[in-house]
Number of protein chains: 2
Amino acid sequence: MPSHNWRNRFRGRGSRWTAPREAILNLLISTSKHMSAKEIYRSLLRIYPAIGLTTVYRTLDVLEQMGYLNKIPLGTGENKYELITDSSETHHHHLICTQCGRIIDYTDFEESELIKKAEQTLKTKHGFKITDYNFEFYGICKHCQERR
Amino acid sequence: MPSHNWRNRFRGRGSRWTAPREAILNLLISTSKHMSAKEIYRSLLRIYPAIGLTTVYRTLDVLEQMGYLNKIPLGTGENKYELITDSSETHHHHLICTQCGRIIDYTDFEESELIKKAEQTLKTKHGFKITDYNFEFYGICKHCQERR
DNA sequence: TTGGTATTGATAATCATTTTCAATAGCAGT
DNA sequence: ACTGCTATTGAAAATGATTATCAATACCAA
Ligand SMILES: [Mn+2]
Ligand SMILES: [Mn+2]
Ligand SMILES: [Zn+2]
Ligand SMILES: [Zn+2]
């Protein structure tokens, strides 16, 4: 996962490889968390004081368009992001704690299969061409249940 | 579906039965569409020129808390709403056209079953208490595919 | 090295939803 | 029907996330 790999991916589609983009990617690569644009921005400020929040948003957009980023709506109008890497489970869903905002990854083979099947069915039955889907559970995480 | 039914539901939880709330409910009952707060507001203006958008939001909140309203995030930060009635399919999902905003109801027995199972699993396995979930497909509807 | 242009960051603008607050109206108790 | 308490209302301002604008800058192909 050397960064010239990412560099080439950007260059390959006519985009440029820049310092802000490298900083954002390094952060996304190194973290295991699901971060919001502002969280990414604030985290980068320490090492890259000149970076702008706007640039974070733009880079996340590009990454999403390239298919390397997963955008997770929190249901509050805010989104969190996670990089899609080779090693990461491509198909997983999320448990979102409405109390603390924590996001828990969760994989279910049956569910993934069903979604694939549904995509097919919806195309033939409703003529609906699926480009994306959301599947999130909302609730109270174990941690938050204990402290009340 | 006489409105004194709804009146009692409101009164039952210490809430008051008011003209704006009756107007909003009558609209939600009579429509088969999935409407946004602003769409509801604009539609009511004709018959109830004094109504405020704020009140629409507040009434939708109450209905959601009472468990009679389904809130559907469009992925753009905007939400649409639909009343949950006895006759309506309680468990259905949505196909959201990212081109025209149309929402298509869609029911899948297998999927509903799987979600019920998942709720159980998540509770025992992750200690996660589910209060709600989102399951939406995004894509291009038949209508929009033809006109391009 | 250079020129064209993609990108950047500061700032202002959007847009949906919330908050605030004084005025009003529902309704329980009389 | 009257009264008083307080939930509700609507206008206006505030919020919070995201986007648009724009002049300055930095990539990078040639
Ligand atoms: Mn994840
Ligand atoms: Mn529906
Ligand atoms: Zn939590
Ligand atoms: Zn459409």
Side-chain angles (χ1 to χ4, degrees), chain A residues 3-4 6-25 34-66 69 71-81 96 98 101, chain B residues 3-4 6-25 34-66 69 71-81 96 98 101:
Chain A
S3 68
H4 72 266
W6 281 105
R7 176 196 181 97
N8 290 338
R9 287 176 180 170
F10 273 78
R11 305 272 294 268
R13 46 159 263 161
S15 294
R16 294 176 181 175
W17 182 245
T18 66
R21 288 177 175 175
E22 184 169 16
I24 291 166
L25 267 165
H34 305 77
M35 303 180 79
S36 71
K38 203 184 290 173
E39 284 169 343
I40 293 167
Y41 168 69
R42 275 204 275 255
S43 174
L44 287 176
L45 271 184
R46 298 173 199 145
I47 187 169
Y48 194 144
I51 202 166
L53 177 57
T54 312
T55 300
V56 174
Y57 275 110
R58 280 187 290 228
T59 301
L60 293 175
D61 271 354
V62 174
L63 285 172
E64 196 189 3
Q65 277 173 36
M66 291 196 288
L69 195 72
K71 186 180 185 174
I72 304 148
L74 256 54
T76 60
E78 189 183 4
N79 298 296
K80 295 217 172 189
Y81 302 86
I96 301 175
T98 52
Chain B
S3 68
H4 71 266
W6 282 105
R7 177 197 179 96
N8 290 339
R9 287 176 181 170
F10 274 78
R11 304 271 295 268
R13 45 159 264 160
S15 294
R16 293 177 182 173
W17 182 244
T18 67
R21 287 178 176 175
E22 185 170 13
I24 292 166
L25 266 164
H34 305 77
M35 304 181 79
S36 70
K38 204 184 288 173
E39 284 168 343
I40 292 167
Y41 168 69
R42 277 203 274 254
S43 174
L44 287 177
L45 271 184
R46 297 172 202 147
I47 187 170
Y48 195 144
I51 202 166
L53 177 56
T54 312
T55 300
V56 174
Y57 275 110
R58 281 187 289 228
T59 300
L60 293 175
D61 271 354
V62 174
L63 285 171
E64 196 190 3
Q65 277 171 36
M66 290 197 289
L69 196 72
K71 186 180 185 175
I72 304 148
L74 257 54
T76 60
E78 189 183 3
N79 298 296
K80 295 216 172 191
Y81 302 86
I96 301 175
T98 53

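Just so you know, these numbers come straight off a predicted model, no measurement behind them. By convention in this document, chain letters (A, B, ...) are assigned in the order of the sequence lines, proteins followed by strands, and residues within each chain are numbered from 1.
Using a 4.5 Å heavy-atom threshold, the side chains of A/K38 and A/E78 count as separate. With a 4.5 Å cut-off on side-chain heavy atoms, B/L60 and B/I40 count as touching. Looking at A/R21 and A/V62, their side chains come closer than 4.5 Å, going by heavy atoms from C-beta outward.
Among the protein residues, A/T54 comes within range of the nucleic acid bases, having at least one heavy atom under 4.0 Å from a base atom. Using a 4.0 Å heavy-atom cutoff across all strands shown, B/A19 reaches no nucleic acid atom at all. The residue A/R21 sits close only to the backbone: its heavy atoms come under 4.0 Å of sugar-phosphate atoms, none of a base. When heavy atoms are screened at a 4.0 angstrom cut-off, A/S15 is found touching the sugar-phosphate backbone but no base atom. Note on A/R11: only backbone sugar-phosphate atoms sit closer than 4.0 angstrom, heavy atoms only; bases stay farther off.
Regarding B/Y41, its OH atom lies at a distance of 9 Å from the P atom of D/dG10, rounded to whole Å. Rounded to whole angstrom, the span from the CG atom of B/L60 across to the P atom of C/dA16 amounts to 15 Å. Atom C1' of nucleotide D/dG10 and atom CD1 of B/I24 are separated by 12 Å, given to the nearest angstrom. A straight line from CD of B/E22 to C1' of D/dT8 spans 15 Å, rounded to a whole angstrom. Protein atom CZ of A/F10 is 11 Å distant from nucleotide atom P of D/dC28, rounded to whole Å. For the pair A/L74 CG and D/dG16 P, the computed distance is 15 Å after rounding to whole Å. Distance OH (A/Y57) to P (D/dA17): 7 Å, rounded to an integer number of Å. Rounded to an integer number of Å, the gap from CD of B/Q65 to P of C/dT18 is 11 Å.
Closest approach to the B/W17 side chain among C/dC27, D/dG10, C/dG9 is made by C/dC27 (side chain taken as heavy atoms from C-beta onward). Side chain of A/T18, nearest nucleotide from C/dG26, C/dT17, C/dT8: C/dT8.
Mapping B/D61 and B/R16 onto DNA chain C by nearest heavy atom places B/D61 at the nucleotide closer to the 5' end.
Of all the heavy atoms in A/M66 and A/R9, the pair that sits closest is SD-O, 4.1 Å.
Scanning atom types as modelled, no donor and acceptor separated by under 3.5 angstrom connect the side chain of A/R58 and the base of D/dT19.
Phosphate contact (OP1/OP2 of C/dA16, side-chain N/O of B/K38, threshold under 4.0 Å): present. Dashed line: the shortest gap from a side-chain N or O of A/Y48 to OP1 or OP2 of C/dG9 is under 4.0 Å. Close to D/dT18, at under 4.0 Å from its OP1 or OP2, lies a side-chain N or O of A/N79.
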Original post:
Where do A/R13 and A/S15 land on the side chain to side chain donor-acceptor pair (under 3.5 Å) test, with the steps shown first?
Top reply: CA-CA 6 Å; A/R13 46 159 263 161; A/S15 294; 3.2 Å; yes
